[in-house]
Each structure stands twice: as structure tokens, then as C-alpha cells.
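Quick note on labels: first sequence line is chain A, next is B, and so on, each numbered from 1. This is a predicted model, so every value here is computed, not measured.
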There are 2 protein chains.
Amino acid sequence: MPDISQVLSDTFLRTNALDPRESGSKTYSISQLAKEFDITTRAIRFYESEGLLSPEREGRNRLYSQRDHTRLKLILRGKRLGFSLDEIGELFELYDSSSTGELAQLSRVLEKIEERKQILKQQLEDIQLSLHELKEFERQCRQRLRQMRSNH
Amino acid sequence: MPDISQVLSDTFLRTNALDPRESGSKTYSISQLAKEFDITTRAIRFYESEGLLSPEREGRNRLYSQRDHTRLKLILRGKRLGFSLDEIGELFELYDSSSTGELAQLSRVLEKIEERKQILKQQLEDIQLSLHELKEFERQCRQRLRQMRSNH
DNA sequence: ATTGACGTTGACGTTAACGTCAATATAATA
DNA sequence: TATTATATTGACGTTAACGTCAACGTCAAT
């Protein structure tokens, strides 16, 4: 039975790729991640405090695994998709539990996805309409400008 | 010289259409507006406190003119376009002052529009990409579900 | 006379997603 | 050795856009 994370690799929720403590596995410091994703360290710690990340420790310091790296990427993608941090956490939980074979949870994930898809489609229409409106408004502004100039 | 509001009627900023105190001009109570636009009276009063509306008074009570009605419509449209209330207020000011012939202000409005258009275009791309990602994820979820069912 | 619908003005509360310190520790570098 | 870079925790601050009271006025209908 193949790991679900394999089936779903390179899609939205690829969250349990590698063992964190594997010897050769690459790790990151907090500022490395911050630089790479162009966010602040504060934000990263905040995500942890919200339960979205749980990096290992090397003494006091946080040590981020490849899995954490992927999770962070997913967090940011989720945000772009319009999910709140709470919803992202929910999706992580649902998805993790679905890898233990909980079919119902997977359906729940699908529902969430569908919900978000509807919202995005609505936004898409709104934006396209807005662009048209703005273009028309702009056109008339420009026309008005030409009139003002020629009357001068 | 035609009023700029005529030139631009039915577009984004059509804000000074009619005299508020004209006899036959239709008026609205606060709750009428609230109902029509499906917002709370609190919101409408808030917009006024932010300087976006300035209805007449009939005693203590607010009396909204057709102009106010149009303004409110524009406020909500502006919000859908992603403008903050501050920005919307700015646009109102710029636009109002441009009707006195301030050419520079009109250019400023155009800049704002252009800015927003760029942002909307970016969002459009983001959303289209997100929809693709979600579809792919969904497809693979469904495939996984079928596998789980057939193995049962 | 009282109920109910509608209006008013404060004033404080809320939420999300961090920002912005402060005080401290450790490690590498000049 | 002094500085600099990087890390930690903790705590309070911020912003936008209202929500949610409280306390009160006014008018029509029962």
C-alpha cells in the first residue's frame, strides 16, 4: 500500500515526505527559511505557536527539516489560496489523519477544497468584472484629459 | 463645458449626480439602505464617521439622498475591488477636486486605478493557478478514495 | 398606557496575523 | 577581548472594519 504522501506529491498537501532525523537530510535555520520565503522570523515562530510547525531543537535553537520546509511552503500557498491559518492547520490535521486510512477525513478535505474552489471562482468573476469597469473608467478619464488639453 | 460627472456616469465614480434637496429627489432611511445593500446600519454610520458619507438630517435622523445612495454603492464596489476605506475616501476627494478642473488630480486617480489594476491582474493569475492546483489535488484525492474502496 | 419598531450617540470589544520591543544567550569573527 | 550576528522567550502594541452593548428619544398601533 503506497504512502498517500507519495500519491499526492507535488500537489497542495505534501507534508510528510522525509524523516526529520535522517542523517543526510538537509536542515535549515530560522533565518534561512525567512530569507528563502521572504518572511520574518517572527512570522515563522508565530506559525509554530499556532501549531502549524514543530521543528526539532538543537539546544535552544530551532532546526528545520525538509518536512518543515515543505510545510512552510504549504502554509504560504494556503494563505495565497485565501485560507486562514486556522483552516490551514485544520487541513494539516485532516490530511495527516487521512494517511492512517481514515476515509471520512479525506472526504472532509475534499469538501474544504470544494468550498474554497467556489470562493475562488466567485473572486475570479468579481475581478474580471472589476478589471472591465476599471478599464472603462480609465478610458473615460483619458478622454476627459484630452478634452481639457485641447481646450487649453 | 460638460460636467465631468456626466462624462463618467455609470462608471466607477459617479458621485455628484443630483442635488440632495431637490424636491422630487428620492430619499432613503438608514435601514432602507442597510436592507438594500445587505449591510448593517452600524457599517453605514461607520462610513460616515470615516468621512465617506455625509447625509442630511431630518431632526436627529439621517436622510440619505440619491447621491448618498450612489456613494454607498461606490464604497461597496471599491471594497470589492480591494480598496481600503481610506483609499476610497482618497479617490472621492481626488475625483471631487478634479471636477473643479484640477488636471493633476485626475492623473493621480488614474495612477491609483493603474496600481489597482496591476494588483487585480496579479490576483487573477494567482487564483487561476490556485484553481489548477486544487483541481489536481482533488483528482488525486478521488483516485485515492477509489483505491481505498476497491481494496475493501 | 404600553408595546414595538426605528432612530440616535458614545464607548468599549473583537479578530487575525503578525510587529516591535526588551532582556538574554551563544558563537563566530576582527 | 570586543564586536557582530544570530538565536531565544515573553509581553505588549497595531490595524481595519466593524460588532456589541448601553442608555435614550420618537412615533404609530394596539
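Checking the phosphate oxygens (OP1, OP2) of dC18(C), a side-chain nitrogen or oxygen of Tyr47(A) falls inside 4.0 Å. For dG7(C), one of the phosphate oxygens OP1 or OP2 lies less than 4.0 angstrom from a side-chain nitrogen or oxygen of Ser31(B). Side-chain nitrogen and oxygen atoms of Arg57(A) include at least one within less than 4.0 Å of the OP1 or OP2 phosphate oxygen of dT9(D). A sub-4.0 Å separation between OP1 or OP2 of dT6(D) and a side-chain N or O of Lys35(A) is absent. Between Arg45(A) and dT8(D) there is a side-chain N or O to OP1 or OP2 distance below 4.0 Å. Using a 4.0 Å cut-off, some side-chain N or O of Arg62(B) falls inside it from OP1 or OP2 of dT8(C). For Thr40(A) and dC18(C), the shortest distance from a side-chain N or O to OP1 or OP2 is not below 4.0 Å.
Between the CZ atom of Arg60(B) and the C1' atom of dT9(C) there is a distance of 7 Å, given to the nearest Å. Atoms CD (Glu50(B)) and P (dT15(D)) sit 13 Å apart, rounded to a whole Å. Spacing between atom CG of Leu85(A) and atom C1' of dC18(C) amounts to 9 Å, rounded to whole angstrom units. In this structure, the CD1 atom of Ile44(B) is 13 Å from the P atom of dT9(C), given to the nearest Å. In this entry the distance linking CG of Leu72(A) with C1' of dC18(C) reads 14 Å, nearest Å. Rounding to whole angstrom units, CD1 of residue Ile75(A) and P of dA17(C) are separated by 11 Å. Rounded to whole Å, the distance from CD1 on Ile39(A) to C1' on dT20(C) is 17 Å. When the P atom of dA16(D) is taken as reference, atom CZ of Phe83(B) falls 17 Å away, rounded to whole Å.
Looking at heavy-atom distances under 4.0 Å, Ser29(A) makes contact with sugar-phosphate atoms alone, never a base.
Between Glu125(B) and Lys121(B) there is no salt bridge, since no side-chain nitrogen of the basic residue lies less than 4.0 Å from a carboxylate oxygen of the acidic one. Salt bridge status for Glu48(B) with Arg45(B): absent, with no side-chain N to carboxylate O gap under 4.0 Å. Of the charged side-chain nitrogens involved, none lies within less than 4.0 Å of a carboxylate oxygen, so that Lys112(B) and Glu93(B) do not count as a salt-bridged pair.
With dT8(D), dA11(C), dC18(C) as the candidates, the nucleotide lying closest to the side chain of Ala43(A) is dC18(C). With dA7(D), dC18(D), dG7(C) as the choices, the nucleotide that has an atom nearest any side-chain atom of Lys79(B) turns out to be dC18(D).
Using N1 to N3 plus N6-O4 or O6-N4 for Watson-Crick, or N1-O2 and O6-N3 for G-U wobble, each under 3.5 Å, dT8(D) pairs with dA23(C).
In the displayed structure, Gln118(B) atom CD is contacted under 6.0 Å by more than 12 heavy atoms of other residues, nucleotides or ligands.
Remark: the backbone N or O of Ala34(A) is not paired with any side-chain donor or acceptor of Ser31(A) at under 3.5 angstrom.
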